[in-house]
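Data block below; observations after.
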Amino acid sequence: MSTSSSLATARRPGPHRSRPADDSGRGYWPTVLAVASASMMLPFSVTGAAVALPNMAAHLGSSVGAAQWMLNAFNITFAALPLAAGSLADRLGRRRVLLTGIALVGALSLLVALAPSMAFADAARAVQGCGAAAVLASGAAVLAHSTSGRRRQLAFGVLGSSFGTGLAIGPLVAGALVEAAGWRSVFALVAVMSVPAWLCATRAPESRTPDRPALDLAGAVAFTAGLACLSFAFVRAGSAGWGAVSTLLPMFAAVALVALFAVVEQHRGDRAMFDVRLLRRPEFLAVVCQPFTVTLGFVILLVYLPAYLQGVAGRTALAGGLLLLPMTAPVLLLPLAAGRLAARTSVRAVLTCASALIAVGSLLLTTLHGNGSWLQLALPLLPFGAGVGLAFGVMDNAAVSTVPVENAGAAAGIFNTMRITGESVAVAGASALLTALTAARLDDSGLPTGAATRIAGQAVQGQVAEAHRPALTEGLTSAFHTLGLVLAALSALGAVLTHLALAPDRAVPKPGQVDGARPGGVPKSGAGRQIRPSGRFWRAPRK
């Protein structure tokens with residue numbers, strides 16, 4: 001995707017590049033505020049929906065599977081389409097795609113608020129995820145094209161803080177709204193939030209790269225279908241078991257479709273929306289795979305811990321949101337500080353430390369108890385929040401800066417696809433794991449397997465049957481302990497691999513060496529000024 005010649009091209013403005021907003025100062029803050037406020041809607045659409053789900057499912061009389069698809073339908077399209085949205089943004093206009101995405105998120109959230117049934121809500125959430133993907137991919141590209149230098153670093157710090165704000169206030173605000181005005185108000189709020197975001201976005205500068213290759217429709221279809229099959233397999237595993245034919249068939253189909261996607265992208269070469277050749281470079285792979293080791297456990301807890309606190313612990317939705325503050329508040333406060341810390345030390349040190357903190361929090365999750373105090377719950381949640389807050393401050397800028405600015409939309413699409421795919425798989429997989437482990441405890445109490453699975457699935461979504469409360473409390477708490485051990489192992493492995501992949505001894509490629517990535521890994525800001533894998537700066541020689 002990037003060669004030494006394209007690096008030289010990136011230094012001089014081409015006919016289709018927009019004038020950076022910070023050259024004149026006009027339009028800078030409306031652009032930053034538009035992307036930040038639009039991005040804030042996205043994590044709130046995930047965490048707010050999770051908090052509202054128990055009341056929503058009970059009010060609409062939903063089955064366990066239909067209620068789970070209210071989360072999965074959004075996550076699938078949200079995860080699968082940033083690549084396509086980034087390519088469209090490069091060709092059609094990054095501001096235009098951003099405006100379209102904001103409108104879709106707001107309008108479809110209003111439809112969910114008015115939903116007469118869970119099936120209607122599931123369909124609306126799938127379309128809403130398409131809009132979220134457009135916002136995610138085009139927002140970072142708009143910032144990359146309209147800012148430079150110190151203002152670009154500040155803009156991406158604000159972007160990280162906006163995601164953190166959405167994550168931090170999501171459970172708390174959603175809990176207060178559910179108690180005060182019902183679950184529909186949670187989705188109505190997202191619709192209201194979209195209006196000022198759209199108005200600010202109209203003042204953002206337009207930019208495009210019209211000579212980008214045509215949309216990779218085959219790759220987009222293969223990837224989306226594969227992710228949908230994987231999510232369907234996880235949902236079936238929660239109700240029918242991991243060995244059931246209805247679970248294994250979509251699982252095999254998912255593997256086949258993802259393999260097909262890799263073949264298609266390899267065959268398309270420079271025309272691919274996901275250049276799989278970039279994954280041959282360990283430092284590039286380390287950056288784009290950070291979401292898998294940094295945010296998986298965080299998102300799982302944001303989605304399922306409120307339901308646990310409402311169902312098993314018997315707390316209100318508002319109280320559950322307040323109890324999550326030790327995890328969500330650091331994500332609001334640390335992203336801006338993380339950028340400065342990376343400049344003083346290295347990207348490698350910040351990302352390694354983030355994964356290590358999450359490993360510690362995961363291990364401490366084994367102390368979780370439904371009737372525990374606020375301090376006992378804060379013990380594992382605080383390291384989670386600190387680790388994710390640090391990572392959020394450097395991940396987006398690092399990923400977008402790995403390619404020339406003309407390809408920022410595609411780079412944002414690749415990175416955010418990895419991020420949201422991991423979160424989507426984590427949400428679906430964690431539900432299946434928690435349900436299976438809890439059902440196993442109910443089986444031991446003498447319940448038939450089918451009934452145990454159904455009751456366990458309802459408990460994971462926050463609906464606890466009083467007749468089985470003691471067994472469900474013990475089973476679901478134990479399931480969270482097991483989940484914590486799994487996440488601790490994954491995060492610890494991620495910390496080690498990140499530390500090794502971004503080691504300083506990974507030398508910059510020799511002049512003329514081309515392997516699909518820019519020399520030195522991740523630039524801090526602007527073409528030509530780059531970061532070695534250790535995080536130290538060098539300036540690329542002029543051709």
**Fill in**
side-chain contact (heavy atoms from CB on, under 4.5 Å) with Val35: of Ile102, Val135, Leu98, only one passes, and it is Leu98

**Asked** Hey, are the side chains of Gln310 and Pro306 touching, using non-hydrogen atoms and a 4.5 Å cut-off?
**Response** yes

**Request:** Apply side-chain hydrogen bond (donor to acceptor under 3.5 Å, both in side chains) to the pair Glu179 and Thr316, showing each step before the final yes or no.
**Result:** CA-CA 8 Å; Glu179 290 191 18; Thr316 64; 2.8 Å; yes

**Request:** Side-chain contact test, heavy atoms from C-beta onward, threshold under 4.5 Å: evaluate it for Leu324 versus Leu172 and give yes or no.
**Result:** no

**Prompt:** Do side-chain atoms of Arg348 reach the backbone of His499 as a donor and acceptor pair under 3.5 angstrom?
**Reply:** yes

**Considering all heavy atoms, the nearest Ala456-Leu442 contact** = N-CD1, 4.1 Å

**Prompt:** Is any side-chain heavy atom of Pro380 less than 4.5 Å from a side-chain heavy atom of Leu368?
**Reply:** no

**Request:** Taking all heavy atoms of His59 and all of Arg184, pick out the closest pair and write down the distance.
**Result:** CE1-NH2, 3.7 Å

**Prompt:** Are the side chains of Thr352 and Val496 in touch, meaning some heavy atoms are under 4.5 Å apart?
**Reply:** no

**Asked** Can you find a heavy atom in the side chain of Val425 that is under 4.5 Å from one in the side chain of Leu227?
**Response** yes

**Prompt:** Which atom pair, heavy atoms only, marks the closest approach of Ala124 to Leu111?
**Reply:** CB-CB, 4.4 Å

**Message:** Using only atom types and a distance under 3.5 Å, with no angle test, would you say the side chain of Asn55 pairs donor to acceptor with the backbone of Trp183?
**Reply:** no

**Item:** Test ring-ring contact (aromatic ring centres under 6.0 Å, His included) applied to Phe480 - qualifying residues, sequence neighbours left out
**Value:** Tyr308

**Asked** Quick one: does Ile358's side chain get under 4.5 Å of Pro383's, heavy atoms only?
**Response** no

**Asked** Checking side-chain contact (heavy atoms from CB on, under 4.5 Å) against Ser45, which of Leu108, Val112, Val190, Val186 comes through?
**Response** Val190

**Message:** Test your reading of the model: is there a side-chain donor-acceptor pair from Ser109 to the backbone of Phe187, 3.5 Å cut-off?
**Reply:** yes

**Prompt:** Under 3.5 Å, side chain of Arg469 to main-chain N/O of Gly311, donor-acceptor pair present?
**Reply:** yes

**Message:** Taking the ring of Phe384 and the ring of Phe298, is the distance between their centroids below 6.0 Å?
**Reply:** no

**Complete:** Between Arg125 and Met70 the two heavy atoms that sit nearest each other are NE-O, 3.0 Å

**Prompt:** So, for Ser39 and Ser162, which heavy atoms are closest and what is the spacing to 0.1 Å?
**Reply:** CB-OG, 3.7 Å

**Message:** I need the minimum non-hydrogen distance between Thr77 and Ala126, along with the two atoms involved.
**Reply:** OG1-O, 2.8 Å

**Message:** Test your reading of the model: is there a side-chain donor-acceptor pair from Ser478 to the backbone of Gly475, 3.5 Å cut-off?
**Reply:** no

**Request:** State, yes or no, whether a side-chain contact exists between Leu230 and Pro250 at a heavy-atom distance under 4.5 Å.
**Result:** no

**Request:** Give a yes or no on whether the backbone of Ala34 and the side-chain of Ser37 come within a donor-acceptor separation of less than 3.5 Å.
**Result:** yes

**Ser431 side chain vs Val427 backbone, donor-acceptor pair below 3.5 Å** = no

**Asked** Below 4.5 Å, heavy atoms only, C-beta onward: do Val105 and Ser194 meet side chain to side chain?
**Response** no

